[in-house]
Amino acid sequence: MRKVITYGTYDLLHYGHINLLQRAKELGDYLIVGITSEDFDRNRGKINVKQSLMERIEAVRALGIADEIIVEEYEGQKIDDIRRYNVSVFTVGSDWIGKFDYLREYCEVTYLDRTEGISSSDIRSENRKINIGLIGDDEYLIKFYRESQYVNGLKVVSLYKELADETKSEFKGVEYITNDYEEMLQHVDAVYIHSYPERHYELIKGALLAKKHVLCEAPLVIQAEQINEIESLAIQNNCILMTALRTAFSTAYMRLLLLLKSGVIGNIKSVEATCTSLKRKEFLDGGNLEGQWNSICEWGPTAMLPVFHILGIDYKQKIISSNLLKDHPRFDLFTKIDFLYTDAVASIKIGQGVKSEGHLIISGTKGYIYVPAPWWKTDYFEVRFENAEDSRRYFYQLDGEGIRYLLVAFCKAVESGKDPGYISNEISNEIVKVVNDFYLKKDLYEI
Ligand code: C2G
């Protein structure tokens, strides 16, 4: 029996796929189709896949062309499969020509002409056209704009800021660069806000009243009484209001949370998170602070995320210890916040004017999880035990610091009308509350 094998994502099955499978079948007597797992696709950069693995398997099975369907889960699996199934021919579309010549050592390799004019990413883009406007005042928007190019069906059409000329060149293809927010809102379906936290409330409210979806950096607002108002506005206007903490969308971080829930390190007794980024010029020599994010806003939400994800928001007490600048009392060079829970503690250290080890350590009654710096955009963590030999290491590809995964999640939320819940309202609100208490100097001790 002459066995043929081919692999693919087969998302949103179309006639290009079917042509390939029919011609692959004709190369032998028995066709095996390897459908890629979600992890495998993410790791190889395919982040826009719309259908689940089971949906894609069922769609291919329903064609009745494949004699056997397997799942492709890891790099190099093709060689294992060719041997395991005693395959005579490997085939794939001509868009991969040359990429699998190394398999000639194990079987024949044939590239079949790709069917022109159809692709899953085109279908995804047609299905989902979200025009987004960017609002912000720093180079972060350039990174965000670059990352948006990886997301099918999302288009940055407008920018709201007085761009310096050299910055404008970074935003080629953005049609409306304006400093008129109302004008921007007329051209978009959604906005991404990375402006100063003090301005978030008015910008979010303006967008929601115009029925535009909102993706906004944390803290969403800095006054606790505003958060309920904007959340109600989002519901009344059927809009998505999502907190843009990209850490929550990175695979390593999500898997770490799942491992903890499985009890791998026992009962959790302590969470320690540190985030610092020393920008000496603006702070220590009395530089211009206008437009500079203070530590509690720049790093507080990120550092609080694992604390609230892991221990919840029902802490009994918090102590905020802050080094505030003499002539800028709303500006903290460094802040440490200790949270006391019924049966655990948590501590975050954040600083724009202090440098420290940016790790995340979660301590439990059986072991601990160590995430090296910069933990907030990590692709790696370790589960460690008393006996070092039992320790385990985990790696999950993270492209673009996780921004593209955040954008894919936002687009899916807009499309489905449902926030995926990576960051619950409770956590978003608690972050705002702590930031609000910082400004009110509630539970705060100056150091
Ligand atoms: N294909 C085609 N014509 C198209 C689109 C896709 O012939 N218009 C072929 C691809 O070349 C591939 C198969 O259909 O052989 C599945 O395509 P995708 O689902 O896009 O998956 P892809 O990642 O390209 O699969 O490791 C091999 C890869 O997984 C190949």
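Indexing begins at 1, ligand by ligand and atom by atom, following the structure's order. If you're wondering where the values come from, they're calculated on a predicted model, not measured in any experiment.
With hydrogens left out, the protein atom closest to atom 25 (O) of ligand 1 is Gly8 CA, 3.2 Å, a heavy atom. Taking atom 19 (O) of ligand 1 as the reference point, the nearest protein heavy-atom neighbour is Tyr10 N, 2.7 Å. When only non-hydrogen protein atoms are considered, atom 20 (O) of ligand 1 lies nearest to Lys46 NZ, 3.6 Å. Arg114 NH1, 3.3 Å is the protein heavy atom nearest to atom 5 (C) of ligand 1. For atom 14 (O) of ligand 1, the closest heavy atom belonging to the protein is His17 CD2, 3.6 Å. Protein heavy atom nearest atom 15 (O) of ligand 1, with residue, atom name and distance: Gly93 N, 3.0 Å. The closest protein non-hydrogen atom to atom 21 (O) of ligand 1 is Thr9 N, 3.2 Å. In terms of protein heavy-atom proximity, atom 24 (O) of ligand 1 is nearest to Trp96 NE1, 2.9 Å.
Using modelled atom types and a 3.5 Å distance limit, the side chains of Tyr192 and Glu217 yield a donor-acceptor pair. Counting only N and O atoms by type, the side chains of Asp81 and Tyr106 include no donor and acceptor under 3.5 Å apart.
No part of Glu116 comes within 4.0 Å of ligand 1, judged by heavy-atom distances. Only the side chain of Arg44 comes within 4.0 Å of ligand 1, counting heavy atoms alone; its backbone N, CA, C and O stay farther away. Residue-level proximity to ligand 1 for Asp95 is carried by the side chain, the only part with a heavy atom below 4.0 angstrom. If you look at Ile118 next to ligand 1, the close heavy atoms, those under 4.0 Å, come from the backbone and the side chain alike.
The contact set between ligand 1 and Val92, taken as ligand atoms under 4.0 Å from a residue heavy atom, comprises 15 (O), 30 (C).
For the pair Lys78 and Tyr7, the distance from NZ or CZ to the six-membered ring centre is under 6.0 Å and the angle to the ring normal is within 45 degrees.
Note: an N/O pair closer than 3.5 Å links Thr115 and ligand 1 by distance alone. Where the criterion is an N or O separation shorter than 3.5 Å, residue side chain and backbone included, Lys78 meets it with respect to ligand 1.
A salt bridge links Lys155 and Glu175; the closest N-O separation between the charged side-chain nitrogens and carboxylate oxygens is under 4.0 Å. With respect to the salt-bridge test (charged N to carboxylate O, under 4.0 angstrom), the residues Arg61 and Glu58 qualify.
Taking 4.5 Å as the limit, some side-chain heavy atom of Phe410 sits within range of a side-chain heavy atom of Ile132.
For the side chain to side chain contact (heavy atoms under 4.5 Å, CB included) with Glu202, the qualifying choice from Arg199, Lys205, His200 is Arg199, the only one to do so. Checking each of Lys46, Gln77, Glu75 against Phe40 for a side chain to side chain contact (heavy atoms under 4.5 Å, CB included) leaves exactly one that passes, namely Glu75.
In this structure, Tyr145 and Phe171 have tilted ring planes: the angle between them lies in the 30° to 60° band. Taking the six-membered ring for Trp and thresholds of 30 and 60 degrees, His14 and His17 have nearly parallel ring planes, at less than 30 degrees apart. By the 30° and 60° cut-offs, the orientation of the rings of Phe100 relative to Phe90 is tilted.
Residue contact annotation: Tyr15 has no non-hydrogen atom under 4.0 Å from ligand 1.
For atom 9 (C) of ligand 1, the nearest non-hydrogen atom from the set Asp41, Thr36, Leu20 belongs to Leu20.
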